[in-house]
Q: 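Take this structure, written in structure tokens, and hold onto it; I'll ask about it next.
Quick note on labels: first sequence line is chain A, next is B, and so on, each numbered from 1. The basis for the numbers below is simple: all heavy atoms, side chains too, and nothing from hydrogens, waters or symmetry mates.
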Number of protein chains: 2
Amino acid sequence: MPPEKSTQEITLAVIQTACSNCNLRELCLPLGLSEEELDRLDDLVSTRRRVKRGEYLYRAGGEFDAIYAIRSGFFKTDVLLEDGREQVTGFQMAGELLGLDGISTEHHTCNAIALEDSEICAIPFSQLESMSREIHTLQHHFHKVMSREIVRDHGVMMLLGTMRAEERLAAFLLNLSQRFTARGYSHADFFLRMTREEIGSYLGLKLETVSRAFSRFQEEGHIAVQQKHIRILNVAGLKALMNHQPI
Amino acid sequence: MPPEKSTQEITLAVIQTACSNCNLRELCLPLGLSEEELDRLDDLVSTRRRVKRGEYLYRAGGEFDAIYAIRSGFFKTDVLLEDGREQVTGFQMAGELLGLDGISTEHHTCNAIALEDSEICAIPFSQLESMSREIHTLQHHFHKVMSREIVRDHGVMMLLGTMRAEERLAAFLLNLSQRFTARGYSHADFFLRMTREEIGSYLGLKLETVSRAFSRFQEEGHIAVQQKHIRILNVAGLKALMNHQPI
DNA sequence: CTGTGTGGTTGACTTGGATCAAGCTTACGT
DNA sequence: ACGTAAGCTTGATCCAAGTCAACCACACAG
């Protein structure tokens with residue numbers, strides 16, 4: 001009977017999109033919450049949205065009123081200079097938060113663009129603040145997430161400020177690999193969601209340099225590359241590359 | 001009468017070091033708090049400490065339990081790679097907060113070193129969290145401060161990732177100038193607290209490159225440099241330098 | 001299956017900033 | 001007043017990564 005089926009589908013959809021049933025809850029904002037606290041968070045995370053590949057989740061200058069948790073998919077954030085130069089400030093995957101930059105001025109300061117068809121949960125910020133005044137664990141975890149973002153940024157500065165091209169790319173691959181692992185995917189076999197140009201922008205390199213470094217890693221047997229398909233053959237080799245050369 | 005004088009001195013000292021009487025309160029954590037809320041914050045900010053030039057306020061790996069507000073002086077934060085490479089991640093002046101990186105893992109992830117004799121206020125973090133559960137304004141302002149740090153970091157990434165040497169240095173000088181202005185100092189005449197090497201580390205350049213860029217700016221009449229003494233003669237000129245050349 | 005466009009690779013060459021080296025300036029301890 | 005060390009400047013040279021250019025590999029629309 002069609003009506004029943006339809007009802008069931010709706011119910012299933014609701015269950016699936018609740019934090020309490022989300023398989024990312026150990027990576028995402030709900031980390032460490034009790035069952036009861038989780039239920040309250042479910043009420044807060046009201047809006048889910050699909051963002052198609054290439055679409056903007058938000059734009060620099062746009063008004064800020066929510067942060068976003070990625071349910072599935074892959075994003076980049078970037079900042080544009082008036083003259084058109086782009087700096088990719090990060091790549092975000094499922095379980096990670098987007099939009100923390102907007103709290104400061106109540107306007108977003110960067111663009112968030114889906115690199116593949118994605119799904120996000122919108123978390124109204126003022127409600128998150130009021131709930132985190134009541135749930136200590138949530139407050140503390142949110143602070144940790146913001147702090148982790150600062151630490152990550154310092155890592156990128158280190159990368160850009162002191163490392164040479166091959167070190168940067170090795171660090172980038174190892175970081176991706178580690179994040180895929182945390183999500184239950186292979187640490188050694190994955191597809192890049194971003195172009196060479198986007199990697200280059202993130203790493204402060206030109207796309208040709210990224211391409212050459214990939215080729216070099218392949219020649220040396222550290223990885224196998226076929227367009228966006230990466231297989232890591234020698235983790236230790238990549239790690240050695242990273243700590244190798246003083247600039 | 002000596003005893004009275006001494007009493008008066010002590011009283012004065014206490015008043016001076018309270019947030020409610022600190023002339024940095026419009027730049028620092030107390031921003032936007034009511035008189036009554038400010039009094040409560042005073043209780044929280046219990047410890048003041050002097051940090052001499054060259055001393056560490058905290059070290060990477062050390063336990064985190066407080067964030068620090070700078071009352072006076074000047075700091076740098078840096079991250080060290082095993083092989084000794086240093087990345088300066090920021091320079092901090094009066095009214096700015098230090099230690100936000102430590103929230104994430106409950107251990108500091110960078111070093112904070114005084115570049116001149118300084119005074120700091122220690123703010124025990126768990127107490128800050130509990131107070132910000134009660135004082136909405138404090139909570140919101142603290143979130144803004146953390147977010148601002150993330151935005152600042154994105155700016156540094158832009159600098160390191162897409163700008164050439166002279167653009168980086170121009171951006172650096174304009175940023176310093178603007179922060180000195182906010183503190184009531186001259187925007188156009190100041191002393192650098194850091195060495196060329198530290199500037200270089202922050203900007204991803206070698207000290208010789210920094211020195212040459214200073215000389216070039218002087219030749220072109222944008223600034224006057226004499227060792228650490230900088231006078232900005234042509235703000236517009238520096239701004240023009242910043243947006244000028246695609247890499 | 002074929003044309004077209006986007007993205008990736010590779011080569012030749014150029015260049016901005018690093019490296020190496022020498023000399024200068026300033027601050028400070030004796 | 002002088003010696004020493006730390007920090008800064010400047011020049012000569014080198015090299016990693018950028019630039020320019022040609023070509024290749026898919027993906028996908030018709």
Q: Over how many whole Å does the gap from Arg85(A) atom CZ to dG18(D) atom P extend?
A: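 Between P of dG18(D) and CZ of Arg85(A): 14 Å.
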Q: Roughly, in whole Å, what's the span from CG in Leu169(B) to P in dT9(D)?
A: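 Those two atoms, CG and P, are 11 Å apart.
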Q: For the side chain to side chain donor-acceptor pair (under 3.5 Å) test, which of Thr109(B), Thr77(B), Asp101(B) pairs with Thr89(B)?
A: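 Only one option passes, and that is Thr77(B).
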Q: Can you sort out the partners of Phe64(A) under ring-ring contact (aromatic ring centres under 6.0 Å, His included), two or more places apart, ordered by chain and number?
A: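 Here the qualifying residues are His108(A), Phe125(A).
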Q: Taking any heavy-atom pair under 4.0 Å as a contact, classify Gly200(B): base, sugar-phosphate, or nothing.
A: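 No contact at all - Gly200(B) keeps every heavy atom at 4.0 Å or more from the nucleic acid.
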Q: Show every ring pair (Phe, Tyr, Trp, His ring centres under 6.0 Å) that has at least one partner inside residues 208-236 of chain B, sequence neighbours left out.
A: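 Every pair satisfying ring pair (Phe, Tyr, Trp, His ring centres under 6.0 Å) with a residue in residues 208-236 of chain B: Phe191(B)-His229(B).
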Q: One thing to verify: whether Arg85(B) and Glu167(A) come together as a salt bridge, which I'm taking to mean a side-chain N less than 4.0 angstrom from a carboxylate O.
A: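 Salt bridge between Glu167(A) and Arg85(B), a charged N being under 4.0 Å from a carboxylate O: yes.
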Q: So which protein N/O to nucleotides 6-15 of chain C N/O distances come out below 3.5 Å?
A:
residue, atom, partner, partner atom, Å
dG8(C), OP2, Arg196(A), N, 3.0
dT9(C), OP1, Arg196(A), NH2, 3.2
dT9(C), OP2, Arg196(A), NE, 2.7
dT9(C), OP2, Arg196(A), NH2, 3.4
dT9(C), OP2, Ser211(A), OG, 2.8
dT9(C), O5', Ser211(A), OG, 3.2
dT10(C), OP2, Ser215(A), OG, 2.5
dG11(C), N7, Arg212(A), NH1, 2.9
dG11(C), O6, Arg212(A), NH2, 3.2
dA12(C), N6, Arg212(A), NH2, 3.4

Q: Whole angstrom is fine here: how far is it from CZ in Arg216(B) over to C1' in dT10(D)?
A: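 Rounded to the whole Å, the gap is 15 Å.
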Q: Starting at atom NZ of Lys206(B), determine the distance to atom C1' of dA16(D), rounded to an integer number of angstrom.
A: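 Those two atoms, NZ and C1', are 14 Å apart.
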Q: Leu203(B) CG to dA18(C) P: how many Å, rounded?
A: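 Roughly 11 Å, once rounded to whole Å.
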Q: Hey, do the aromatic rings of Tyr185(A) and Phe190(A) have their centres closer than 6.0 Å?
A: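 So the answer is no for these two rings.
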Q: Are the charged groups of Glu55(A) and Arg49(A) less than 4.0 angstrom apart, N to O?
A: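 Answer for the salt bridge query: no.
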Q: Just how far, in rounded Å, is C1' of dG18(D) from CZ of Arg164(A)?
A: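 Going from CZ in Arg164(A) over to C1' in dG18(D) covers 15 Å.
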